[in-house]
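Right, one structure below, let's go through it.
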Amino acid sequence: MTVRAVLGIRRWRRNPVCRATDRHEAWVALVALLLMLLVAPVLGWKAGSLTDDALQRTVRAQHEQRHLTAAVVVRASSGRSRFAQDPEAAVTEGSMRTSVVADWLAPDGTARTGTVSTASTGTAPGARIRIWTDDRGNTAMRPMDTSTAHTHAVLAGIGVALLAGGLTETARRLVVWRMMQRRYARLDRAWAEVGPDWGRTGTGS
């Protein structure tokens with residue numbers, strides 16, 4: 001409907017039977033179309049760029065603060081670990097992950113023991129597994145990688161662009177609705193003015 005109204009601008013400009021409200025509605029549609037085609041993509045690109053910058057800083061900070069550490073399995077655990085060491089793998093391999101009690105060394109050399117989750121198939125006592133820890137040696141989630149950050153940023157940009165386009169179309173519909181309400185109100189007033197004289201022409205009264 002927006003495109004049809006825009007295409008009608010040129011046809012209606014010199015049409016003697018065209019109402020002013022028709023031209024106004026077409027111009028509103030043109031402005032909305034330009035906003036959706038030009039402004040919405042720019043907003044999406046800007047949002048994606050800002051999101052990517054923020055996520056890349058997070059990626060760098062996580063890689064600086066988290067460390068891949070070797071741990072030795074002590075025994076199987078019936079409980080759950082505080083963190084899944086690899087959240088992405090947990091989505092696809094959730095049924096294959098195992099919680100174990102393991103020993104490891106913190107960056108300062110302090111011995112630590114705790115329950116961790118691993119996708120390793122070798123979880124017998126004494127087996128070595130890889131876990132992520134923070135600077136204090138506590139278990140931590142695997143840091144986000146660059147490609148995942150880019151993907152999230154792209155999705156955020158697309159979402160903002162779609163939202164901007166949707167809001168623009170909603171605003172256009174509201175403006176057109178308001179214009180139609182005013183048009184109907186003028187028609188009602190005009191009808192009220194001529195209504196009392198309806199049918200009196202030629203009656204000699």
Side-chain angles (χ1 to χ4, degrees), residues 32-33 35-171 173:
L33 182 62
L35 289 175
M36 286 188 283
L37 293 180
L38 301 177
V39 178
V42 171
L43 291 176
W45 174 82
K46 187 64 175 178
S49 178
L50 293 175
T51 302
D52 188 61
D53 290 342
L55 289 177
Q56 293 304 325
R57 289 194 296 269
T58 300
V59 168
R60 290 191 293 270
Q62 288 183 353
H63 280 273
E64 291 174 358
Q65 299 168 358
R66 300 178 188 181
H67 313 277
L68 191 58
T69 305
V72 179
V73 177
V74 176
R75 66 179 185 276
S77 173
S78 58
R80 301 184 62 181
S81 63
R82 182 181 178 188
F83 294 108
Q85 294 295 308
D86 188 348
E88 296 177 359
V91 174
T92 58
E93 304 175 359
S95 61
M96 300 174 61
R97 299 188 67 82
T98 305
S99 292
V100 297
V101 176
D103 293 332
W104 67 91
L105 293 178
D108 61 0
T110 305
R112 296 295 181 88
T113 299
T115 301
V116 297
S117 177
T118 179
S120 175
T121 56
T123 57
R128 298 178 68 85
I129 59 176
R130 307 287 283 180
I131 65 172
W132 287 93
T133 65
D134 58 21
D135 290 334
R136 294 176 296 179
N138 299 319
T139 56
M141 295 179 64
R142 176 184 176 180
M144 182 185 300
D145 54 47
T146 302
S147 61
T148 301
H150 283 313
T151 300
H152 289 319
V154 170
L155 293 176
I158 293 174
V160 170
L162 292 177
L163 178 61
L167 291 176
T168 300
E169 175 62 13
T170 301
R173 289 176 179 270

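- Under the rule for a side chain to side chain contact (heavy atoms under 4.5 Å, CB included), the partners of Leu37 that lie at least two apart in sequence or sit in another chain are Leu33.
- Screening residues 101-112 for side chain to side chain donor-acceptor pair (under 3.5 Å) gives Asp103-Thr113, Asp108-Thr110, Arg112-Asn138 as the qualifying pairs, with residues at least two apart or on separate chains.
- In terms of heavy-atom proximity, Ala149 sits nearest to Val59 at CB-CG2, 3.9 Å.
- For His67, the side chain to side chain contact (heavy atoms under 4.5 Å, CB included) partners two or more places apart in sequence, or in a different chain, are Thr69, Pro107, Thr133, Asp135.
- The closest donor-acceptor contact from the side chain of Arg142 to the backbone of Trp132 lies at 3.5 Å or more, if one exists at all.
- Interatomic distance, CD of Gln62 versus CG of Asp134, reported as 12.0 Å (0.5 Å rounding).
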Return a table of donor-acceptor pairs under 3.5 angstrom between the side chains of residues 40-52 and protein atoms on other chains or two or more places apart.
unit_1: Thr51; atom_1: OG1; unit_2: Ala47; atom_2: O; d: 2.7
unit_1: Asp52; atom_1: OD1; unit_2: Gln56; atom_2: NE2; d: 3.4
unit_1: Asp52; atom_1: OD1; unit_2: His150; atom_2: ND1; d: 2.8

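- Every side chain to side chain contact (heavy atoms under 4.5 Å, CB included) that Ala70 has, sequence neighbours left out, goes to Arg128, Arg130.
- A salt bridge links Glu169 to Arg173: one of the charged nitrogens lies within less than 4.0 Å of a carboxylate oxygen.
- Here Ile129 contributes atom CD1 and Thr118 contributes atom OG1; the two are 4.5 Å apart, rounded to the nearest 0.5 Å.
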Could you check Val100 against Val116 for side-chain contact (heavy atoms from CB on, under 4.5 Å), going step by step and ending with a plain yes or no? CA-CA 6 Å; Val100 297; Val116 297; 3.8 Å; yes

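- Qualifying side chain to side chain contact (heavy atoms under 4.5 Å, CB included) partners for Leu105, counting only residues two or more places apart in sequence or in other chains: Ala111.
- In this structure, Ala127 and Gly122 approach most closely via the heavy-atom pair CB-O, 3.3 Å.
- Atom CG of Leu167 is separated from atom CE of Met36 by 11.5 Å, given to the nearest 0.5 angstrom.
- From Leu163, atom CG reaches atom OG1 of Thr168 across 9.0 Å, with rounding to the nearest 0.5 Å.
- A donor-acceptor contact shorter than 3.5 Å links the side chain of His63 to the backbone of Met144.
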